[in-house]
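When a residue number appears, it is its place in the shown sequence, counting from 1.
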Amino acid sequence: VTDLGPDIYTPGLLQYFSGDVQDEAGETVGKSHEKFTMIDEDGNSIGDGNYVDIVGCKGTLSFSGPYFSSTGIGYYTVLGGTGDFSGAKGLVLETYDESSGEAIRKITLHEDDHDDDKSAGGGNADASDGPEKGGEDDAEQKSGNVTS
C-alpha cells in the first residue's frame, strides 16, 4: 500500500482498489475491484465494487455504500451479481481491527424466497466451506492485502 500523503481525504478524491480477497486463514479466495469517493475531509466515503469468483463460486457480487472513518465501519448493500450470485441480496459489513491494522469484511447473503434454485446467491458465501445453499457462511476481505 502506498502512502498518498496528506491530501488522501480531499473531498471528491477517487480511490481505486484491486486485489485478492482472503479468508481468515490468509488463503486467497477471489478478487475484488473497488472505487471509493471521499465525501469530506474526515475520511468518510461512498464506495462501490465487485467481488469476482469468491469462495468457490463463479460470477461477480456487486456492492455499494458508505464508509464512516470515525467508527471504522462500512455498510455496503449487496446489489446483485452474475453467475452463482445472480439476484443476490445482502450486506457487506466492514470493521477495523486495531490490533492488526486491517479492515475485515463480512459478507452475508440472504435467502431469496422467490428463487429456490440459487446456490451462492440463495445462501451465504463462506470463505472456509465453499458455497452452501441457505447456510450461515461468511467471506472476509482483509484490506491490508488489497493493493491500491
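Inter-residue side-chain proximity for Thr108 and Leu93 is flagged as unmet; no heavy-atom pair is nearer than 4.5 Å. In this structure, Ser32 and Phe17 have side chains that are not in contact, with every pair of non-hydrogen atoms separated by 4.5 Å or more. With a 4.5 Å cut-off on side-chain heavy atoms, Val29 and Gln22 do not count as touching. In this structure, the side chains of Pro66 and Ile46 come closer than 4.5 Å at one or more pairs of heavy atoms. In this structure the side chain of Leu79 reaches within 4.5 angstrom of the side chain of Thr77, judged on heavy atoms.
We find the CD1-OH distance between Ile39 and Tyr9 to be 13.0 Å, quoted to the nearest 0.5 Å. Rounding to the nearest 0.5 Å places NZ of Lys58 at 10.5 Å from CZ of Phe85. Considering CD1 of Ile73 and OG1 of Thr95, their distance stands at 7.0 Å, rounded to 0.5 Å. Atom CD of Glu94 is separated from atom OG1 of Thr71 by 10.0 Å, given to the nearest 0.5 angstrom.
Across Lys35, His33, Lys31, Glu34, a single residue satisfies side-chain hydrogen bond (donor to acceptor under 3.5 Å, both in side chains) together with Ser18, and that is His33. In summary, of the residues considered (Asp53, Asn50, Asp84, Thr82), a side-chain hydrogen bond (donor to acceptor under 3.5 Å, both in side chains) with Thr60 occurs for Thr82 alone.
For Gly30 against Ile54, the heavy-atom pair with the smallest separation is CA-CG2, 3.9 Å. For the residue pair Tyr67 and Gly72, the shortest heavy atom distance occurs at OH-CA, 3.4 Å. Nearest heavy atoms, His110 versus Gly90: CD2-CA, 3.2 Å. Closest approach of Thr10 and Met38 over heavy atoms only: O-CB, 3.3 Å. For the pair Leu61 and Ala88, the tightest heavy-atom approach, listed with the atom from each and the gap, is CD1-CB, 3.6 Å. For Phe63 against Val92, the heavy-atom pair with the smallest separation is CB-CG2, 4.3 Å.
A distance-only check finds a donor-acceptor pair linking the side chain of Asp40 to the backbone of Asp42 [under 3.5 Å].
Residues Val52 and Val21 are members of separate hydrophobic clusters, defined by side-chain heavy-atom contacts under 4.5 angstrom among Ile, Leu, Val, Met, Phe, Trp and Tyr.
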